[in-house]
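Numbering starts at 1 and runs along the sequence shown. For ligands, and for the atoms within them, numbers begin at 1 and follow the listed sequence.
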Amino acid sequence: MEYILNDKQDGCVFCDALNKTDDLTLYKGTDTMVIMNKYPYINGHLLVAPIKHLSTLDQLSRYEMGILLATVERSVGILKQVMNPDGFNVGLNLGKVAGAGVEEHLHFHIVPRWFGDTNALTVFAEVRVIPEHIQTTYANLKPHFAALNLNTNN
Ligand SMILES: [Zn+2]
C-alpha cells in the first residue's frame with residue numbers, strides 16, 4: 001500500500017531542509033521544524049519533525065515530545081486560520097510497512113481536509129487534490145510560521 005510521502009531520494013529531506021533556505025521550509029525552531037510536503041496529497045499538506053535525526057518516538061525526551069506535539073498543534077492552528085479546512089488527518093507512519101517514505105527521520109503528517117475534497121480512502125491512494133499552487137500556499141503560510149512562538153500558551 002502506497003501512502004503519503006513518496007519522495008525517495010538520497011540523504012534526509014528533513015536534515016537537508018535545515019541546511020538550506022528553500023521554498024518548502026516553513027519553520028526551523030530549536031527543537032522542531034515544519035516543512036511543506038514536496039509531493040502533497042492535498043494542498044497544505046505539512047510535515048512536522050524534530051530537529052534531531054531520530055526514527056522512533058522513544059528516542060525523544062518527554063520535553064521534546066511535548067514540543068513536537070505543540071508544533072503539530074500550532075501548525076493545525078495556522079492551517080485553520082489561513083486555509084479554513086473542515087478537518088484534518090494528523091498522523092505518524094512508523095516504518096516502511098506503515099507507509100513511511102522517509103522512515104529514518106520521525107515526522108508527523110498534517111493533512112487539511114475539506115468537505116467534498118475526496119473521501120478518506122482516496123487520501124491514502126494516489127489521488128491528489130491541489131487546487132492552489134504549492135508556492136502560493138507557502139507564501140500564505142510563511143508569515144504565520146515566522147511569527148510562531150512555542151513558548152506562549154495562546
Ligand atoms: Zn534527518
K.L.:
List the residues meeting side chain to side chain donor-acceptor pair (under 3.5 Å) with Asn84, not counting sequence neighbours, and say none if there are none.
P.N.:
none
K.L.:
If you leave out waters, which protein N, O or S atoms are less than 2.8 Å from the Zn ion (ligand 1)?
P.N.:
Cys12 SG, Cys15 SG, His53 ND1, His105 ND1
K.L.:
Show the nearest heavy-atom pair for residues Ser75 and Val48, with the distance to one decimal.
P.N.:
OG-CG2, 3.9 Å
K.L.:
Under a 3.5 Å distance rule, please check whether Lys80 uses its side chain to pair with a backbone N or O of Pro112 as donor and acceptor.
P.N.:
no
K.L.:
Keeping to residues at least two apart or across chains, list the ring-ring contact (aromatic ring centres under 6.0 Å, His included) pairs with something in residues 46-69.
P.N.:
His53-His105
K.L.:
Please list all pairs passing the side chain to side chain donor-acceptor pair (under 3.5 Å) test where one or both residues lie in residues 27-36, with sequence neighbours left out.
P.N.:
Thr32-Thr71
K.L.:
Does Lys52 NZ have over 12 foreign heavy atoms under 6.0 Å away?
P.N.:
no
